[in-house]
Amino acid sequence: MSGFARFYGVVLECQDPRALAEFYSALTGWELEYADDEWVTLRDGDNVRLSFQKAPGHIAPNWPDAASPMQVHLDFYVDDLTKSVDHAIALGATRFDHQPGESFTVLADPAGHPFCLCV
């Protein structure tokens, strides 16, 4: 049975959509599909899109913090966790002190959104 809705993509709010899109493009290799002053979209080459919407009042979540849960995060599979984490940090990501697992690392993008690199 097919549903009525099809997945199109994920949108992250941030203060600087272009800068955050550049971070994720460098991290994933995804191509720029669309950009204006308020919205930037990357595409994986197939049908998955990651977009960034300008939100001047955006406040990044603190994690782990029950008063400010991350609400949603992105997972990316990588071949070499150590090299991929180092690469993400060189691009501007930060590593959280709290790391709950061994097969993944939790990072924050330059706007503070949590994401995981997983093997």
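Each residue takes its place number in the sequence, starting with 1.
For the pair Ser103/Cys118, no side-chain contact is recorded, criterion being any heavy-atom separation below 4.5 Å from C-beta on. In this structure the side chain of Glu33 never reaches within 4.5 angstrom of the side chain of Leu42, judged on heavy atoms. Counting heavy atoms from C-beta outward, Tyr8 and Arg49 have side chains that approach closer than 4.5 Å. No side-chain heavy atom of Val78 sits less than 4.5 Å from a side-chain heavy atom of His87. Side-chain contact check for Glu31 versus Arg43: every heavy-atom pair is 4.5 Å or farther apart. Looking at heavy atoms from C-beta onward, Arg95 lies in side-chain contact with Ile89 at the 4.5 angstrom threshold. Here the side chains of Phe52 and Val11 are not in contact, with every heavy-atom distance at 4.5 Å or above. Put simply, the side chain of Asp79 does not reach to within 4.5 Å of the side chain of Val119, judged on heavy atoms.
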**Request:** Let me see the working for Asp75 and Phe104 under side chain to side chain contact (heavy atoms under 4.5 Å, CB included), right down to the final yes or no.
**Result:** CA-CA 9 Å; Asp75 286 345; Phe104 61 94; over 6 Å; no
**Message:** Apply side chain to side chain contact (heavy atoms under 4.5 Å, CB included) to residues Leu107 and Thr94 and explain how you reach the verdict.
**Reply:** CA-CA 5 Å; Leu107 301 154; Thr94 55; over 6 Å; no
**Message:** Please determine whether side chain to side chain contact (heavy atoms under 4.5 Å, CB included) holds for the pair Leu117 and Leu81, giving the CA-CA distance in whole Å, both sets of side-chain angles, and the decisive distance to 0.1 Å.
**Reply:** CA-CA 7 Å; Leu117 298 179; Leu81 188 57; 3.9 Å; yes
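In this structure a side-chain-to-backbone donor-acceptor pair under 3.5 Å is present from Ser84 to Asp80. A donor-acceptor contact shorter than 3.5 Å is absent between the side chain of Asp46 and the backbone of Val48. Lys54 contributes a side-chain N or O that, together with a main-chain N or O of Gln15, makes up a donor-acceptor pair within less than 3.5 Å.
Contacts of Thr105 classified as side-chain hydrogen bond (donor to acceptor under 3.5 Å, both in side chains), with partners at least two apart in sequence or in another chain: none. Tyr77 meets the side-chain hydrogen bond (donor to acceptor under 3.5 Å, both in side chains) test with no other residue; sequence neighbours excluded.
With values rounded to the nearest 0.5 angstrom, Gln53 atom CD is found 10.0 Å from Thr41 atom OG1. One finds the OG atom of Ser51 at 10.5 Å from the OH atom of Tyr34 (value rounded to the nearest 0.5 Å). Summarising the geometry, atom NE2 belonging to His58 is positioned 6.5 Å from atom CD belonging to Glu13; distances are rounded to the nearest 0.5 Å. Remark: Leu74 CG to His113 NE2 distance equals 9.0 Å, nearest 0.5 Å. With rounding to the nearest 0.5 Å, the separation of CZ in Phe23 from CG in Asp16 is 13.5 Å. Taking CG from Leu27 and CG from Asp109, the interatomic distance works out to 9.5 Å, rounded to the nearest 0.5 Å.
Between Phe76 and Phe115, the angle of the ring planes goes over 60°, which puts this pair in the perpendicular group of the 30/60° scheme.
The heavy-atom pair separating Asp36 from Val40 by the smallest distance is O-CG2, 4.1 Å. Here the closest non-hydrogen pair linking Cys14 and Ala111 is CB-CB, 4.0 Å. When all heavy atoms of Pro114 and Pro61 are compared, the pair lying nearest together is CD-CG, 3.9 Å.
Placement of Trp39 and Leu50 in two distinct hydrophobic clusters is found when ILVMFWY residues are connected by side-chain heavy-atom separations under 4.5 Å, directly or transitively.
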